[in-house]
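Below is one structure, written out as structure tokens; the observations come after it.
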Amino acid sequence: MVLFDRKQKGSGVWLRWRVSEPARWGATIGVIVLLIALVSYANPQLWRGEPSEQLSAEDAETLRLAAELDQQLDQQQAAAAMAAVDGAAAAPEDGATPEDGAADTATATDTAAADGDDGADARTLPAELDYSLPLQGELLRGVGYCYESFFGDWRYHRGVDLAAAAGAAVYAAADGVVSEAADDRIWGGVIVLDHGAGLCSVYRGITVQAAVGDVVRAGDIIGSVGEPPLAEAEQDSHLHFELVLNGEALDPLEY
């Protein structure tokens, strides 16, 4: 409330005004509300609960590539699952009994033994394959589930990460034909060698020095270690190496 006092001073009359305590508080609150309204009008994201800044182009691209890699991994897992289904034993024909199936299995086992089959499973590499790791380096990460900081979750790591300085030579793990040689935005340089019999070796995060269709021998240089790819950028310089048999990831260190 504003109060006016009429005072006599000298030969004139003057007015003195005073503001009451409630009026001062009301004026202060009003100013604060006005400032909030002005800021909200200038930046509507504040009262909408949205971030005041849009994602940078780099962050947006990283998120998009992460989603793309997720899709690639899902497709690889689906392909491996379909290969497993296609390779499963066929269902017994109509009228067949479990005894018939057992007899067939026994016959197949006897035949394999007669042919000198030692009972190796489907994960065994071809006996004639001359295989070795593409380089010697400390194991940074192996095959299996691990935490991927790029995605912020746990997922299956399909290969091994071998520590190596940028520029180190990468050798063909075995004789084969280059079936893929490309630069990938997520994995960097990638080479895939087809060794036949459903076996492939995959080299990621390299500088490619081979072309599709090239025939290589074990120990031939096919590239060099590059900068860590985006998918594994949190690690030191290394080679990501995979061994894949009929769509299934094997542990390269077991062979």
Side-chain angles (χ1 to χ4, degrees), residues 56-59 61-70 72-73 76 125 129-195 199-245 248-255:
S56 67
E58 181 180 354
D59 290 340
E61 179 68 3
T62 298
L63 292 176
R64 188 187 67 77
L65 292 177
E68 183 177 322
L69 181 55
D70 261 340
Q72 289 181 7
L73 294 176
Q76 292 175 354
L125 302 185
L129 187 72
D130 181 17
Y131 163 78
S132 62
L133 290 174
L135 57 77
Q136 297 299 317
E138 178 187 356
L139 177 66
L140 300 180
R141 186 161 56 176
V143 175
Y145 282 95
C146 59
Y147 185 79
E148 296 278 7
S149 60
F150 178 73
F151 300 99
D153 61 15
W154 290 80
R155 60 187 59 218
Y156 195 75
H157 189 244
R158 291 173 56 86
V160 294
D161 294 340
L162 302 174
V170 176
Y171 302 93
D175 297 349
V177 179
V178 178
S179 61
E180 181 180 341
D183 287 322
D184 187 90
R185 289 173 296 176
I186 298 173
W187 285 106
V190 177
I191 282 184
V192 178
L193 297 184
D194 186 350
H195 305 292
L199 179 67
C200 293
S201 57
V202 185
Y203 313 75
R204 302 185 189 273
I206 69 174
T207 299
V208 175
Q209 298 177 17
V212 173
D214 285 355
V215 177
V216 300
R217 306 287 293 177
D220 286 352
I221 295 178
I222 58 174
S224 59
V225 176
E227 294 299 321
L230 180 61
E232 297 180 342
E234 76 281 0
Q235 295 196 62
D236 293 333
S237 180
H238 69 279
L239 168 70
H240 176 96
F241 176 63
E242 300 176 14
L243 201 58
V244 182
L245 182 61
E248 181 181 0
L250 307 180
D251 188 342
L253 301 182
E254 294 181 357
Y255 302 93

Q: Scan residues 209-240 for pairs that pass ring-ring contact (aromatic ring centres under 6.0 Å, His included), counting only residues two or more places apart or in two chains.
A: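 Output for this query lists His157-His240, Trp187-His240.
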Q) Is it true that Arg204 and Glu232 make a salt bridge, defined as a side-chain N closer than 4.0 Å to a carboxylate O? A)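 Answer for the salt bridge query: no.
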Q. Of the non-hydrogen atoms in Gly144 and Tyr156, which two are nearest, and what is the gap between them?
A.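 Heavy atoms of Gly144 and Tyr156 come nearest at CA-CE1, 3.6 Å.
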Q | Nearest heavy-atom neighbours spanning Leu140 and Gln235 | A |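 Shortest heavy-atom contact: CB-OE1, 3.4 Å.
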Q: Return the set of residues passing side-chain contact (heavy atoms from CB on, under 4.5 Å) with Leu139 (not counting sequence neighbours), or none when no residue passes.
A: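 Scan of Leu139 (side-chain contact (heavy atoms from CB on, under 4.5 Å), adjacent residues dropped) gives Val160, Leu162, Leu253.
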Q.
Using modelled atom types and a 3.5 Å cut-off, is there a donor and acceptor pairing between side-chain atoms of Tyr203 and backbone atoms of Leu193?
A.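 No, Tyr203 side chain to Leu193 backbone: no donor-acceptor pair under 3.5 Å.
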Q.
Using modelled atom types and a 3.5 Å cut-off, is there a donor and acceptor pairing between side-chain atoms of Ser237 and backbone atoms of Ala164?
A.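 A pair under 3.5 Å: yes.
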Quick one: [atom1] on [X] to [atom2] on [Y], what's the gap to the nearest 0.5 Å?
{"X": "Asp214", "Y": "Ile222", "atom1": "CG", "atom2": "CD1", "answer": "10.5 Å"}
{"X": "Leu199", "Y": "Tyr255", "atom1": "CG", "atom2": "OH", "answer": "9.5 Å"}
{"X": "Arg158", "Y": "Leu250", "atom1": "CZ", "atom2": "CG", "answer": "9.5 Å"}
{"X": "Leu245", "Y": "His195", "atom1": "CG", "atom2": "NE2", "answer": "11.0 Å"}
{"X": "Glu254", "Y": "Leu243", "atom1": "CD", "atom2": "CG", "answer": "10.0 Å"}

Donor-acceptor pairs are to be reported for all side-chain atoms of residues 167-181 against protein atoms at under 3.5 Å, with residues two or more places apart or in another chain.
residue: Asp175; atom: OD1; partner: Ala218; partner atom: N; Å: 2.7
residue: Asp175; atom: OD2; partner: Arg217; partner atom: NH1; Å: 3.3
residue: Ser179; atom: OG; partner: Val192; partner atom: O; Å: 3.3

